[in-house]
There are 2 protein chains.
Amino acid sequence: MLSERQMMILRAVVRDFTNTGVPVGSKALAKQLPIHVSSATIRNEMAALEEQGLIKKTHSSSGRIPSVEGYRYYVDHLVKPDPLRPNDIDVIQSSLGGDFHKIDEIISQSATILSNLTSYTAFTLKPELKDSRLSGFRLVPLGKRQIMAILVTDSGDVENQTFDVAGDVDGEQLEAVVRLINDQLVGLTLPEVLKKLQADIPVQIANYLQSPQGFLDIFGDVLTRAAQERFYVGGRLNLLNFSQDSDVDSLKSLYSLIDKTDDIASVLGQPSDKISVRIGNEMTNDALRNFSLITATYDVDQHGQGMIAILGPTRMPYSRMLGIVGAFREELAKKLLDYYRFYDE
Amino acid sequence: MLSERQMMILRAVVRDFTNTGVPVGSKALAKQLPIHVSSATIRNEMAALEEQGLIKKTHSSSGRIPSVEGYRYYVDHLVKPDPLRPNDIDVIQSSLGGDFHKIDEIISQSATILSNLTSYTAFTLKPELKDSRLSGFRLVPLGKRQIMAILVTDSGDVENQTFDVAGDVDGEQLEAVVRLINDQLVGLTLPEVLKKLQADIPVQIANYLQSPQGFLDIFGDVLTRAAQERFYVGGRLNLLNFSQDSDVDSLKSLYSLIDKTDDIASVLGQPSDKISVRIGNEMTNDALRNFSLITATYDVDQHGQGMIAILGPTRMPYSRMLGIVGAFREELAKKLLDYYRFYDE
DNA sequence: TTTAGCACTCAAACTAATCAAGTGCTAAGA
DNA sequence: TCTTAGCACTTGATTAGTTTGAGTGCTAAA
């Protein structure tokens, strides 16, 4: 249990340290705090806070920095999101204001905006229905030996892949295969499709194609890509900013983490309606030891739920970041509603 | 004009320095060289080499390192490409041995292989006919309001883009537009298409579509993407290895360079049949001051000419790198010939 | 032309000294 | 009981001074 004064001090320590990056001492606090107490008093309080594991020293006679638990307490009980700066509002308005022809452009642009506003790395995920279903499949002959496979889901995702085939393309065979897929698989959820693809479909396809394996590979490939959540990343290079001392190896593992869709998904975790902050080693991944992750969902009514996230150093100004994330999620939802309204009605 | 002995010394200096990274002194050379002379003699020769600007000191009493001119002389007159190590051959065989369904997979895989072999950053460009022509265009309706535009060139490049349209999709209008494009534009080179697109096409399209601008934007977009050379990059992260001292800013500008297709293209420069080495500030781009670039073309007979490249620190073991690039360009050409043979005949 | 010898230079590694910021603790005061 | 002035102490950072070792240029003799 913390006293009012202890909370005040903890808040000041976190704010000071996130702003300056320098351990904060009792004297500086005494000068800065709204109440009038001596540095000795503050020292006593700080000793108490340290006792509880909320702050710690970097060496025996240094000032204090927040521990992970201290940040946690701060984020849970003390922080108040900053309102957006006028400048931030301008940036959002002007970057999101234009016309877009695709959902993905809006989402990808959002990642860039978020990374610009924060100067950290940002992730965005477009709104997804919980289980999207296969709504269409096409095979489009392109040239002598080239075919494009296109797969569409009812949430509007499109995946496609071009491949070369040996031997002549037989239009009727293609037709038959497409009809088969559309008859048997459209309307199922993607995992269901995948299951069927391993069971009865190959047998049936064998009626139309001499060598169905190649085709099944392609189809499976496009299918798994469609089933995967697709994150956009903005401000990759910003990770370099806090790499100062940290070695090249950890940077490398960080980047490979970021570039693997599966890994990001597991790090970002399950969506929750609140804005969530995960701090340092609260994330199991070792490469993220010195980072914090702020995630938030956004709702686009019946069009599903999406996600935005910011990855920055543990030592980030949480109040400002929470303000940005909170405001942006709403701006984005609004923009998307407009978009859907325009194209759906 | 260099004497035999001076060449021998220059070669040894470059080899030593590229291997160890430490300035090389007269004593070490005296021990290492095949001829038997004292370190004092070597010192005299080195003074002569320095006189000619081929080597230089890092400070007044240090050993010597090659200057850009020294590397240049070495690469032009002294280096002999190393033969591949058995291990390298294995890597190439196993990574390039499998079956591929697309040219692009082979090319992109090649960038990865090259970066693995060298532990530098590698670029690959697929074989291109000098001026490829538009060979087909499709508009595929996907859902209620979604359309995919597909563009095919006679060199087998495929570009596509999905976009949303307001209002109902009218099948007949689409048909008409596609027919128009195919009638008027197929067979032209891409720059010609682009020119026509700005001149008479819009007028004609206005007959079929109420608001042609949206469509023209999309088509132009896909077109320019198809016209662009598309590089694959392997081993991006390897750039971090030589960043030790170099600051974050220059790293950032390096990465933004690498991620812009246009910029890479301009850096890689015009293809030449020989293997070309550009060293440090021989490239105008300032971010590349401490790097060298090895580029080579490969020919796939009537299927055109492609390019591979390696970007690493100026201080790279040129003999080994030249060996790898030389061998790999041939392996790749062979593999592609096989591929075309399989799908074309 | 080569080479032994020598004085000289400079970065790097190590040592010692000083500084500044901060702490804990004690004892006196409110 | 809480607050605070005072003081001894700790520690990382900075600075200056030393030492070491690799290397150089130059001279003079072979």
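What you see below is based on every heavy atom in this structure, not just the backbone, and it leaves out hydrogens, waters and symmetry mates.
A salt bridge links A:D259 with A:R236: the distance from a Lys NZ or Arg NE/NH1/NH2 to an Asp or Glu carboxylate oxygen falls below 4.0 Å. Ion pairing between A:R289 and A:D286 holds under the 4.0 Å rule for side-chain N and carboxylate O.
A side-chain donor from one of B:S292 and B:Y318 sits under 3.5 Å from a side-chain acceptor of the other.
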Practice task
Please test A:R11 against A:D16 for salt bridge (Lys or Arg N to Asp or Glu O under 4.0 Å), starting from the C-alpha separation and ending with a verdict.
Solution key: CA-CA 8 Å; A:R11 178 194 282 121; A:D16 235 52; over 6 Å; no
Handout entry: Stepwise salt bridge (Lys or Arg N to Asp or Glu O under 4.0 Å) test for B:D88 and B:R320
Key = CA-CA 11 Å; B:D88 294 344; B:R320 176 164 154 71; 2.9 Å; yes
Exercise for the section: Dump the intermediate steps for side chain to side chain contact (heavy atoms under 4.5 Å, CB included) on B:F291 and B:Y120, then the final yes or no. Expected result: CA-CA 11 Å; B:F291 288 83; B:Y120 298 139; over 6 Å; no
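For B:H36, the NE2 atom sits in a loose shell: 12 or fewer heavy atoms of surrounding residues, nucleotides or ligands are nearer than 6.0 Å. For A:R329, the CZ atom sits in a packed shell: over 12 heavy atoms of surrounding residues, nucleotides or ligands are nearer than 6.0 Å.
Across the interface with DNA chain C, nearest-nucleotide mapping of B:V37 and A:V22 shows B:V37 to be the residue nearer the 5′ end.
A heavy-atom distance below 4.0 Å to DNA chain C is reached by these residues of residues 47-65 of chain A, ordered by number: A:K57, A:S61, A:S62, A:G63, A:R64.
When DNA chain D is scanned 5' to 3' for any atom under 4.0 Å from a heavy atom of chain A, the first and last hits are D:dT3 to D:dG12.
Listed pair B:T41 / C:dT3 meets the phosphate criterion, a side-chain N or O lying under 4.0 Å from OP1 or OP2. Checking the phosphate oxygens (OP1, OP2) of C:dT26, no side-chain nitrogen or oxygen of A:R43 falls inside 4.0 Å.
The backbone N or O of A:I92 sits nowhere less than 3.5 Å from a side-chain atom of A:S95 that would complete a donor-acceptor pair.
Rounded to 10 degrees, the angle separating the terminal axes of the helix from C:dT1-D:dA30 to C:dA30-D:dT1 is 20°, with each axis obtained from five end pairs.
Rounded to whole Å, the distance from CE on A:M46 to P on C:dG22 is 9 Å. Rounded to whole Å, atom C1' of C:dT23 lies 14 Å from atom CD1 of A:I42.
Atoms CG and CG, from B:L240 and A:L240 in turn, are 6.5 Å apart once rounded to the nearest 0.5 Å.
Of the candidates B:E45, B:K31, B:R43, B:S26 forms a side chain to side chain donor-acceptor pair (under 3.5 Å) with just one, namely B:R43.
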